Amino acid sequence: MKIEIDEGKCVAAGHCVMVAAEVFDQRDEDGVVVLLDPAPPEHLHEQVREAALLCPANAILSGGRDSAS
């Protein structure tokens, strides 16, 4: 799984951090999402999918497979 973030769409809701704190964080100054791991391990994939579904701005794009998964 590979993850991409569209920072321009992010509304700093923070749902992604609540669901997958190992993968997402927020910038202190404006709350915009920070991607900590663009290719998280398999045990985090379901959490990443949930974070993408909960994102009110559709700023998280997840899917696909990288060579490790």
Side-chain angles (χ1 to χ4, degrees):
M1 168 183 278
K2 291 185 178 180
I3 304 168
E4 294 179 28
I5 298 294
D6 186 339
E7 289 184 6
K9 287 184 172 182
C10 182
V11 295
H15 298 308
C16 55
V17 178
M18 289 188 283
V19 173
E22 294 178 61
V23 180
F24 304 103
D25 198 355
Q26 290 177 278
R27 292 192 304 227
D28 290 337
E29 63 271 19
D30 58 7
V32 169
V33 65
V34 173
L35 183 58
L36 300 175
D37 187 351
E42 188 171 340
H43 73 276
L44 296 175
H45 289 184
E46 188 58 35
Q47 291 170 300
V48 170
R49 286 186 194 99
E50 184 176 353
L53 287 172
L54 292 173
C55 178
N58 294 320
I60 301 170
L61 304 173
S62 67
R65 292 185 169 264
D66 61 23
S67 59
S69 60

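Only this structure's heavy atoms are used, side chains among them; waters, hydrogens and symmetry mates stay out. Nothing here was measured: the structure is a model prediction, and the numbers come from that model.
The stretch residues 16-41 participates, sequence neighbours left out, in these side chain to side chain donor-acceptor pair (under 3.5 Å) pairs: E7-R27, R27-D30.
A distance of 10.0 Å separates CD1 in I3 from CZ in R49, rounded to the nearest 0.5 Å.
Clustering of Ile, Leu, Val, Met, Phe, Trp and Tyr by side-chain heavy atoms under 4.5 Å joins L54 with V19. The hydrophobic cluster containing V11, built from Ile/Leu/Val/Met/Phe/Trp/Tyr side-chain heavy atoms closer than 4.5 Å, comprises no other residue.
Of all heavy-atom pairs between V32 and A12, the closest is N-CB, 4.1 Å. Counting all heavy atoms, side chain and backbone alike, A51 lies closest to I60 at O-CD1, 3.9 Å. Residues C10 and V33 come closest through the heavy atom pair SG-N, 3.4 Å. Taking each heavy atom of P56 and H15 in turn, the nearest pair found is CD-CD2, 3.7 Å.
Considering only heavy atoms from C-beta on, F24 stays 4.5 Å or farther from L36 through its side chain. Using a 4.5 Å heavy-atom cutoff, the side chains of Q47 and V23 are not in contact.
In terms of hydrophobic clustering, with Ile, Leu, Val, Met, Phe, Trp and Tyr side chains grouped at heavy-atom distances under 4.5 Å, I5 and V34 are assigned to different clusters.
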